[in-house]
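Worksheet: the structure to be examined is printed underneath.
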Amino acid sequence: MHPPSSPPASLNELLDRAQALAGFTLGELAELANIAIPSSFQRHKGWSGQLLELWLGAEAGSKPQQDFPDLGVELKSIPVDNTGFPLETTYVCYTHLTGISQLDWESSNIRNKLSQVLWVPIQGDRAIPPAARQIGSAFLWQPSSEQLAILRQDWEEIMEKIALGQIESITARQGEALQLRPKAANGSALTDAIGQQGKIIKTRPRGFYLKKNFTHQIIQQAFNPEHF
DNA sequence: CTTTGATCATGG
DNA sequence: CCATGATCAAAG
């Protein structure tokens, strides 16, 4: 068994690749791919996601688009506890804080990324060393009309505040499913934003994240569909 | 214990 | 700096 050398040609091929990883530990997959295994994620926070990209054949890089653009699929790993509850929020995308000419959800980057997501649960309990963390059953998700409406409302409320120069009053508590949080290498990173009276100010870069209750609902829906 | 705000690594 | 992959850790 070895990582694929090319992107999946079809959705079924992608799903087959993902399902084949279920049950393996991160350590096993890293070893098969000849990749060094970190003893902690403290300095390797994105390691799991990048390992999955390798094994699923995603294009490397950091382009503001889906991981599998030809298939219309975004890849997300999600750390879960032994009951399947998410242990962390899920980063979705970077946020532009200026040049917001229109609040157009349908053509937004976040709408595109969340239109179809391949979720890959991974044991995330901090007591389990990275090498021993097991991969779960991946599943494909498309937001329901209800979920889409919540996401859209959260996004529009947040973007409106940004456009009105109220970025500094937005906290992670705002939003039912989405939240806006700092997203940068460190505290010294600054970017342009709209301030009061429409003046350009400098602020910490932000990104959109999915709250845990929302991703938990997605996971429940996938494994207990009869309850929905 | 949980969550918000901060941070780490990498490639453009 | 932007944007990706995320988790850390101080604060509540």
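We use all heavy atoms of the structure for the numbers below, so side chains are in, but hydrogens, waters and symmetry mates are not. So that the names make sense, note that chain A is the first sequence line, chain B the second, and so on, each numbered from 1.
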Under-4.0 Å salt bridge between Arg152(A) and Glu106(A): yes

Salt-bridge criterion met for Lys76(A) and Glu88(A) (N-O under 4.0 Å): no

Whether the side chain of [X] engages the backbone of [Y] through a donor-acceptor N/O pair (distance < 3.5 Å, no angle test) should be reported.
| X | Y | value |
| --- | --- | --- |
| Asn109(A) | Pro64(A) | yes |
| Asp154(A) | Ala177(A) | yes |
| Arg206(A) | Arg204(A) | yes |

Minimum heavy-atom distance Gln66(A)-Val73(A), with the two atoms named: CB-O, 3.5 Å

Minimal non-hydrogen separation, Pro4(A) against Leu56(A), with atom names: CG-C, 3.9 Å

Whichever of Ser188(A) and Lys211(A) has its nearest DNA chain B nucleotide further upstream toward 5': Lys211(A)

Phe139(A) ring center within less than 6.0 Å of Phe223(A) ring center: yes

Side chain to side chain, [X] and [Y], heavy atoms closer than 4.5 Å:
| X | Y | result |
| --- | --- | --- |
| Ile100(A) | Met159(A) | yes |
| Ile78(A) | Thr215(A) | yes |
| Leu26(A) | Trp47(A) | yes |
| Leu178(A) | Tyr209(A) | no |

Give the cluster check for [X] versus [Y]: same hydrophobic cluster or not, with ILVMFWY residues linked at side-chain heavy-atom distances below 4.5 Å.
| X | Y | result |
| --- | --- | --- |
| Trp141(A) | Trp155(A) | yes |
| Ile170(A) | Ile201(A) | yes |
| Ile37(A) | Leu32(A) | yes |

Distances for protein N or O near nucleotides 8-12 of chain B N or O, under 3.5 Å:
from	atom 1	to	atom 2	distance (Å)
dC8(B)	O3'	Arg43(A)	NH1	3.4
dA9(B)	OP1	Arg43(A)	NH1	3.1
dG11(B)	N2	Ser62(A)	OG	3.1

Determine the contact category for [X]: base if any of its heavy atoms lies under 4.0 Å from a base atom, sugar-phosphate if only primed atoms, P, OP1 or OP2 are that close, otherwise nothing.
| X | value |
| --- | --- |
| Phe41(A) | sugar-phosphate |
| Leu190(A) | sugar-phosphate |
| Arg204(A) | sugar-phosphate |

Value in whole Å for how far the P atom of dT4(B) lies from CG of Leu210(A): 14 Å

Separation of dT3(B) P from Arg181(A) CZ (nearest whole Å): 11 Å

Residues touching DNA chain B, which here means a heavy atom under 4.0 Å, drawn from [range]:
| range | value |
| --- | --- |
| residues 63-78 of chain A | none |
| residues 105-116 of chain A | none |
| residues 154-175 of chain A | Thr171(A), Ala172(A), Arg173(A) |

Any donor-acceptor N or O pair under 3.5 Å, side chains Gln217(A), Gln221(A): no

Axis bend over the full length of the helix from dC1(B)-dG12(C) to dG12(B)-dC1(C), computed from five pairs that close each end, to 10 degrees: 30°

Chain A contact limits on DNA chain C, taken 5' to 3' with a cut-off of 4.0 angstrom to heavy atoms: dC1(C) to dA9(C)

Stacked cation flag Lys183(A) on Tyr94(A), 6.0 angstrom / 45 deg: no

Parallel, tilted or perpendicular: ring planes of Phe85(A) versus His216(A), cut at 30 and 60 degrees: tilted

